[in-house]
Amino acid sequence: MSDIPHIEVKDMVCAYGDYLVLEDVSFKVNRGEILVIMGRSGCGKSTLLKHMIGLRDPAEGQVLYSGKDFAASSEREKKSLLRKFGVLYQGGALWSSMTLEENVSFPLEEYTNLKRRQILEIVDMKLSQVGLKGFQKFYPAELSGGMRKRAGLARAMALDPEVLFFDEPSSGLDPVSSKRLDDLILSLRDIFNTTVVVVTHELDSIFAIADKAVMLSPQKKTIIAQGNPKTLLEESDNPVVTEFLSRKGGRFSTSNL
Amino acid sequence: MSNYPYASQVQLEETGDTLVIRLMGVWVLDRKAPAFDAFVQHGDLRDDINEILLETKNLEDWDSSLLVFLNQAREWANKRSIGFNCDCLPDGLGRLMLQTQSAVDSRTEAKDPEGEPGFAEEVGQGTLKFLADCSAFASFLGEIVISFFRLLVGRARMRWVDCFRAMQDTGPMALPIVGLISFLIGVTLAFQAADLLEEFGSEYYTPAFVGLAMVREMGPIMTGIVLAGRTGAAFASTIGSMKVAEEIDALQTMGVPPVDYLVLPRVIGLSIMTPLMVIYSNALGILGGMLVSLVKLNMPIQTYIQEIFLNITATDISSGLLKSSAFGMIIAYAGCLRGMNCDTSSTGVGRATTSAVVTSLLLIIIFNSLFAVIYSIYKI
């Protein structure tokens, strides 16, 4: 394996027009690592994710995949990079006019020359993996929120991606499903050596899966800590970081929501 | 709630340089409670006190209404650097006071830092917004054109089933409403024409009038208006909701340009289907005119049809169809544009829908005038 990190974010500035969200963001993720982007609500976690998956171009700086700058790539190169991505959106983001089967087979039809029968077999497999076997003909509107999310995961996994992105995977899931999802993420990493980037503020998940975490601060508008969350909790001398990771608020936590 | 025996009461007592505020009775939101600001306005408070003490011995029940009173008092005290002693407050109330005291979040400054904008600023902002709108119009049009070329060279991923769905929605599903409106327009035109032409003894031109008005103007315009309200609005709300649910982001991260996938089939579907609908609308309008001619003018059906064929040329019909195809594109364009630029909230979808209809109606009328000018220059 080469020394080049799988994902590298270099001096990135994220902004919506004139409104600065994050600046001076730099971190690296190696192949097969699980990175958690954490921080309090409104600190720009989802914004950072949007910049990483190319939905928004950085105002300054770069996002490099195996050393290749995403924003500066040609359309063709972008497409071949996107082929290796799987993204699970917060609400699943399944296409509502299509059945689960069509949703999950979409990436396969888009990028492979597999025969229809093979595609359907893969779809069946992926749906079983997330516990939705037999739901092929259902439309997203006929499923519960948690099921939609799992179906979204099946779609994200359809092409056995090299990088999986999760936007708040445990929001809207019960504790048991949430735990199962964590286990699934770990097993995907172990089996396929997938690099995983997760946006979350669920402490249980963070400690269960993260190899590395970056913490964003809404006040400083940048990364205030990075490293293994357990080490951060033990060794960080920044009270904001330890308070977050130990679930201790200030005087009255509600006033600081 | 009205069964409470006590209303809220306040007593102020000054002992030396300390002001004691006695809070008594029941303080609930659906009762009228005293306001601290009222005391200040009445001049009930001396300026030389340096501590406020709260006493709640006879306080029966309270909710946020008491908190409002206390916050006013605290603010007043803080402004004058007077000590504000909360120690005697019941436990919950004291904690609430602390919570409401927390500092203003720095992020709120980003919103409207200079307060209400003045007239000049609003005009300036309006102009900038208009320019941004124009540039969005142009770049979206460009994207559609590029996407169309991608389709021509076979590199665009477009689902034809979406195109057929758009065609079905614009065509067969809209037949009843387009038919009814066109028929009634034909009837109205014929009545107006018959009355007017009768005065000159030339009521036999009624079929020509109805026919020409229908195929050149009323057919395309009425169909355009109905489809803008029906289909354009549906496009905007469908695409807008997809945007809210991140479905469009999902397409993009899958490497599929949303314009290829969502906009192109609709634009193509509508530009094919609208002329077909206009033919239908023309026929129904002419039929309406025929009914009036038969009843009011006693004109035989055969004569009416003969007159129509004598006076309407293929150029008349095709000029109407040509512009209706443009109207179809406009409706799909406006609907998709507003949907794609929709704010990610449910009110955003509503706004996008409204604005899609308004935009397409406006553009239809503008383009209709342009077509009129061009046709008149080239004598079509």
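Chain naming here is simple, since letters A, B, ... match the order of the sequence lines and numbering starts at 1 in each.
Neither the backbone nor the side chain of A:K78 has a heavy atom closer than 4.5 Å to any heavy atom of chain B. With a 4.5 angstrom heavy-atom cutoff, B:A250 touches chain A via backbone and side-chain atoms both. Only the backbone of A:L94 comes within less than 4.5 Å of a heavy atom in chain B; its side chain stays farther off. For a residue to count as touching a neighbouring chain, one of its non-hydrogen atoms must lie under 4.5 Å from one of that chain's; by this rule A:D18 does not touch chain B.
At distances below 3.5 Å, at least one donor-acceptor pair connects side-chain atoms of A:Y111 with backbone N or O atoms of B:M254. A distance-only check finds no donor-acceptor pair linking the side chain of B:Q252 to the backbone of A:L55 [under 3.5 Å].
No more than 12 heavy-atom neighbours from other residues, nucleotides or ligands sit within 6.0 angstrom of CD on A:E60. The environment of NZ in A:K68 is sparse: at most 12 heavy-atom neighbours from other residues, nucleotides or ligands sit within 6.0 Å. Surrounding CE of A:M125 are more than 12 heavy atoms belonging to other residues, nucleotides or ligands, all under 6.0 Å away. Counted within 6.0 Å of CZ on B:F137, heavy atoms from surrounding residues, nucleotides or ligands total more than 12; the atom is thus considered enclosed. At most 12 heavy atoms of other shown residues, nucleotides or ligands fall within 6.0 angstrom of atom CZ in B:F130.
Residue B:R155 holds its CZ atom at 9.0 Å from CD of A:E75, rounded to the nearest 0.5 Å.
Ring planes of B:Y261 and A:F106: perpendicular class, angle over 60° (limits at 30 and 60°).
The two residues B:D249 and A:Y89 make their nearest non-hydrogen contact at O-OH, 3.0 Å. Taking each heavy atom of B:E246 and A:A93 in turn, the nearest pair found is O-CB, 3.5 Å.
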